[in-house]
Engineer: 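One structure, pasted below without further comment.
Remember, it's a predicted structure, so these values are computed and weren't measured experimentally. Counting from 1, the numbers follow the sequence of the chain as shown.
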Amino acid sequence: GGKTFVAELLCLLTAQRGEQSLFVVPFVTLASEKEASFKQRLRAYNREAKSNGGRRIRVKGCYGSTSPALCASADIIVCTIEKANVLLNTILQRHGIRRLRCVVVDEVHLLGDTDRGYILEILFTKLRLVQTLAGEYDSKTEPCLSSTHGPQQRETRIRSPVHVQLVALSATMSNIHALASWLGVPRGRAFISKDRPVSLVEYVISMDGDVHRKLHDAKDTTSSTTSLSPGTKFTKVPFWPTNDPSHSEAQNTGFPSLQQYHHALKLCAQAEKIGSQVLVFNTTRRNCELAAKALTDLAEARASHDQQG
């Protein structure tokens with residue numbers, strides 16, 4: 001945990017040195033939230049810098065209909081994957097890569113996405129190429145022997161590549177070392193952490209409503225141990241309270257969507273009793289809307305049943 005916070009801190013430190021950083025996220029909503037978060041963190045800093053005549057740190061969001069030309073000179077630029085390539089081109093054309101020192105790509109496992117992965121691949125390839133080609137020349141003087149004038153001093157120019165720190169983040173990627181090798185990351189610079197601030201217990205709910213807990217220890221077996229997927233073991237556990245009113249409501253509606261989310265509603269109710277929150281993930285925006293509607297309908301049915309009881 002905390003990988004995103006470390007990346008945010010790196011961007012802030014880079015901006016404090018007067019250099020530029022780019023924070024790439026997959027969705028417009030995330031870009032908007034991240035932009036607001038950076039501005040909130042910098043509010044007191046910029047207020048003090050203004051009163052002392054110091055340099056303020058500028059944060060710009062580049063997503064949606066925002067033109068990259070309006071953001072290219074900011075200290076911290078938050079953008080979506082699609083805007084990142086255009087933005088990098090604008091920065092190179094207008095300001096060069098000299099000031100860009102940090103590029104953070106969150107959810108880098110989207111490299112494998114069939115629709116958007118190639119955009120990230122182009123971004124990474126461009127960054128690696130530009131760093132080499134846009135290197136700064138350093139002058140070096142060394143002695144040489146001239147046939148006509150005797151000992152002389154000769155000046156040579158050596159190209160040293162521009163260094164842009166690339167930080168790729170993912171919580172679900174399994175082939176981190178393969179990605180690090182492709183990006184040219186030095187050995188030992190790919191960090192993998194399995195520490196969790198909150199323990200993770202995995203469960204699977206079958207279509208008939210039975211709850212199975214994933215076994216992380218191969219020796220942890222019981223008489224009810226089953227294999228629901230290759231290489232994993234689960235054991236059936238008692239979970240639901242008896243006489244749940246929402247079950248009959250879901251079955252009687254005739255809407256498959258309500259029946260599909262019936263067990264999710266019961267999970268939400270369980271969490272609500274102990275004052276916790278629930279995140280329900282879905283595959284598309286449309287499915288998220290359908291899930292929210294189904295859960296709302298079931299919750300209203302449960303409340304109505306409680307009032308009548």
Engineer: Taking all non-hydrogen atoms of both residues, which atom of I77 and which atom of C62 are closest, and how far apart?
Structural biologist: CG2-CB, 4.2 Å

Engineer: Do side-chain atoms of E107 reach the backbone of P26 as a donor and acceptor pair under 3.5 angstrom?
Structural biologist: no

Engineer: Quick one: pull up CD1 in I91 and CG in L100 and give me the separation to the nearest 0.5 Å.
Structural biologist: 5.5 Å

Engineer: Please round to the nearest 0.5 Å and tell me the distance separating atom NZ of K3 and atom CZ of F5.
Structural biologist: 14.0 Å

Engineer: Between F281 and N287, is the side chain to side chain contact (heavy atoms under 4.5 Å, CB included) condition met? List the steps.
Structural biologist: CA-CA 9 Å; F281 290 94; N287 285 346; over 6 Å; no

Engineer: Out of L129, I119, L166, which residue meets the side-chain contact (heavy atoms from CB on, under 4.5 Å) rule with F124?
Structural biologist: L166

Engineer: Backbone N or O of G54 within a donor-acceptor pair of the N52 side chain at under 3.5 Å?
Structural biologist: no

Engineer: Between V108 and I192, is there a shared hydrophobic cluster once you connect ILVMFWY residues whose side-chain heavy atoms come closer than 4.5 Å?
Structural biologist: yes

Engineer: Please round to the nearest 0.5 Å and tell me the distance separating atom OG of S174 and atom CD1 of I176.
Structural biologist: 8.0 Å

Engineer: Between R55 and Q16 (side chain of the first, backbone of the second, donor and acceptor by atom type, cut-off under 3.5 Å), is there such a pair?
Structural biologist: no

Engineer: Please name the pair of heavy atoms, one in R99 and one in S73, separated by the smallest distance, quoted to 0.1 Å.
Structural biologist: NH1-O, 3.4 Å

Engineer: Taking atom CD of E289 as the centre, report whether more than 12 heavy atoms of other residues, nucleotides or ligands fall under 6.0 Å from it.
Structural biologist: yes

Engineer: Test side chain to side chain contact (heavy atoms under 4.5 Å, CB included) on T66 and C71; report intermediate values, then the result.
Structural biologist: CA-CA 8 Å; T66 306; C71 310; 3.6 Å; yes

Engineer: Provide the closest heavy-atom pair for K60 versus A74 in the form atom of the first, atom of the second, distance.
Structural biologist: CG-CB, 3.5 Å

Engineer: State the CD1-CD distance between I76 and E19, to the nearest 0.5 angstrom.
Structural biologist: 12.0 Å

Engineer: Do the side chains of L30 and L110 join up, straight or via other hydrophobic residues, at under 4.5 Å, putting them in one cluster?
Structural biologist: no

Engineer: Can a donor-acceptor pair be found between the side chains of N89 and K126 at a distance below 3.5 Å?
Structural biologist: yes

Engineer: As a quick check of understanding, evaluate side chain to side chain contact (heavy atoms under 4.5 Å, CB included) for L88 and L123, giving each step before the final call.
Structural biologist: CA-CA 8 Å; L88 181 60; L123 177 67; 3.8 Å; yes

Engineer: If I take atom CD1 from residue I57 and atom CG from residue L42, how far apart are they, to the nearest 0.5 angstrom?
Structural biologist: 5.0 Å

Engineer: Would you tell me whether Y63 and E82 have side-chain atoms, one donor and one acceptor, within less than 3.5 Å of each other?
Structural biologist: no

Engineer: Measure from the side-chain N and O atoms of S32 to the backbone N and O of T29, and report whether any donor-acceptor pair falls under 3.5 Å.
Structural biologist: no

Engineer: V86, V164: one ILVMFWY side-chain cluster at the under-4.5 Å cut-off?
Structural biologist: no

Engineer: Do V167 and L169 have side chains that get closer than 4.5 Å, going by heavy atoms?
Structural biologist: yes

Engineer: Give a yes or no answer on whether the side chain of S181 reaches the backbone of H177 with a donor-acceptor pair at less than 3.5 Å.
Structural biologist: no

Engineer: Determine, using the 4.5 Å side-chain heavy-atom cutoff (strictly less than), whether L87 and Y118 are members of one ILVMFWY cluster.
Structural biologist: yes

Engineer: Hey, are the side chains of V24 and D106 touching, using non-hydrogen atoms and a 4.5 Å cut-off?
Structural biologist: no

Engineer: List the steps, then state whether salt bridge (charged side-chain N to carboxylate O under 4.0 Å, His left out) holds for R56 with D75.
Structural biologist: CA-CA 9 Å; R56 287 178 289 178; D75 300 299; over 6 Å; no

Engineer: Walk me through whether Q165 and L10 qualify under side chain to side chain contact (heavy atoms under 4.5 Å, CB included).
Structural biologist: CA-CA 10 Å; Q165 185 173 7; L10 178 61; 3.8 Å; yes

Engineer: Measuring only between side-chain heavy atoms, which start at C-beta, is L22 closer than 4.5 Å to V104?
Structural biologist: no

Engineer: Which heavy atom of K83 sits nearest to which heavy atom of P68, and what is that distance?
Structural biologist: NZ-CD, 4.4 Å

Engineer: Which residue pairs pass the ring pair (Phe, Tyr, Trp, His ring centres under 6.0 Å) test with at least one member in residues 29-56, sequence neighbours excluded?
Structural biologist: F23-F38

Engineer: How many angstroms lie between atom NZ of K293 and atom OG1 of T296, to the nearest 0.5 angstrom?
Structural biologist: 7.5 Å

Engineer: Measure across V78 and K34 and return the closest heavy-atom pair with its distance rounded to 0.1 Å.
Structural biologist: CG1-CB, 3.8 Å

Engineer: What is the minimum heavy-atom distance between L111 and E121, and which atoms define it?
Structural biologist: CD2-N, 3.7 Å

Engineer: Using the rule that Ile, Leu, Val, Met, Phe, Trp and Tyr join whenever any side-chain heavy atoms are under 4.5 Å apart, tell me whether I122 and I81 fall into a single cluster.
Structural biologist: yes

Engineer: Is it the case that more than 12 heavy atoms not belonging to R285 sit under 6.0 Å from its CZ atom?
Structural biologist: no

Engineer: Can you check whether A178's main-chain N or O pairs, donor with acceptor, with N175's side chain at less than 3.5 Å?
Structural biologist: no

